[in-house]
Amino acid sequence: MTPPDFVVDNVDKSPITTRFAPSPTGLLHRGHALSALLAWQRARQSGGRFILRIEDIDTTRCRPEFEAAIMADLTWLGLDWDEPVWRQSKRGAVYRAALDQLVAMGVAYPCFCTRADIAAAASAPHGSDGPLYPGTCRHLEPEERARRLASEAAAWRLDVAAALAMTGPLQWHDAWAGPQQADPAAQGDFVVARRDIGTAYTLAVVVDDAAQGVTDVVRGVDLFEATHGQRLLQALLGLAVPQYHHHPLVLGSDGRRLAKRDAGETLAALRANGADPAELCAALLAQSPTC
Ligand code: GLU
């Protein structure tokens, strides 16, 4: 496909690797199209790789028809990707090994609390994602921990204070927002492996970005805060740190952020209604200042 004429002129031209990493839990909307388009454009303009990674660890919510729709949407937009397509559902053993490493370092602990337990800790301060974990299971005695692990399923959480004591202060760079001081403590002791699926988005994403040689992570600003914890995991696991590009969100006609559940806003609906994909791409890029 011919590169469109919205050439970004401050891009480092050395070959880079970008990715689009959707979860097949619903149909894509225009916000996903912008992420994919910016990532594709950046990679192709540098002569680099653009990867499609299917983030389907949450087997309770992912469906094959949504994966097929993702590929149909990208093709409709005129975006091609470099093979192979990785599926996170096939990489459980790799994420388990990363978790084992965190446990061996003494920075991850099993957590037996339910959502209700955490919500009931009324004094818990709130982060961007609801109440911060109050640290209940961080304080379990080793014997109780071992006894409960033998009989109960557990999530695993990062002991953020212990981890930061090990790594020292960390930085990362966002192409839109500039240099960032990592502040993972603002998220509390976040989950690195869910009880039901044995891993978690934050762990799987850093492991795979490093394993696939991703140099530039392009995604919506709704994942900006998650980057602090991801930076900490990279430091603990000795993983390369990509450059981040968190772009502004695409809003619906009502001014609200788009969600996969808004059926009328999906790319599939636009396609079915005869929208012109080139016009859509141009409109998305026109709304989104380049960096
Ligand atoms: N899989 C995540 C999502 O669909 C995005 C992951 C990322 O870009 O880091 O929201």
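Whatever order the structure lists ligands and atoms in, that order sets their numbers, starting from 1.
Contact annotation for R19 and ligand 1: only side-chain heavy atoms (C-beta onward) come within less than 4.0 Å of the ligand. Heavy atoms of V217 found under 4.0 angstrom from ligand 1: none, in either backbone or side chain.
H246 and D174 share a side-chain donor-acceptor pair at under 3.5 Å. Checked by atom type, the side-chain pair Y244/D216 shows no donor-acceptor distance below 3.5 Å. A donor-acceptor pair shorter than 3.5 Å cannot be found between the side chains of R19 and Q212. Residues R219 and H247 have side chains that never bring a donor and an acceptor to within less than 3.5 angstrom of each other. Under the 3.5 Å distance criterion, with hydrogens and angles disregarded, no donor-acceptor pair is assigned to the side chains of D58 and Y201.
Each of the following atoms of ligand 1 lies closer than 4.0 Å to a heavy atom of E55: 1 (N), 2 (C), 5 (C), 6 (C). The distance from ligand 1 to the heavy atoms of R219 drops below 4.0 Å at these ligand atoms: 7 (C), 8 (O), 9 (O). The distance from ligand 1 to the heavy atoms of S23 drops below 4.0 Å at these ligand atoms: 1 (N), 2 (C), 3 (C), 4 (O). Near Y201, with a cut-off below 4.0 Å to any heavy atom, the atoms of ligand 1 are 6 (C), 7 (C), 9 (O). Close contacts between ligand 1 and V205 involve ligand atoms 9 (O) [criterion: under 4.0 Å to a heavy atom].
The aromatic rings of H29 and H32 sit tilted, their planes meeting at an angle between 30° and 60°.
Ligand 1 has no atom lying under 4.0 Å from any heavy atom of F20.
The environment of CD in Q171 is crowded: more than 12 heavy-atom neighbours from other residues, nucleotides or ligands sit within 6.0 Å.
At least one N or O atom of A21 sits closer than 3.5 Å to an N or O atom of ligand 1.
Among all non-hydrogen protein atoms, the one lying nearest atom 10 (O) of ligand 1 is L223 CD1, 4.4 Å.
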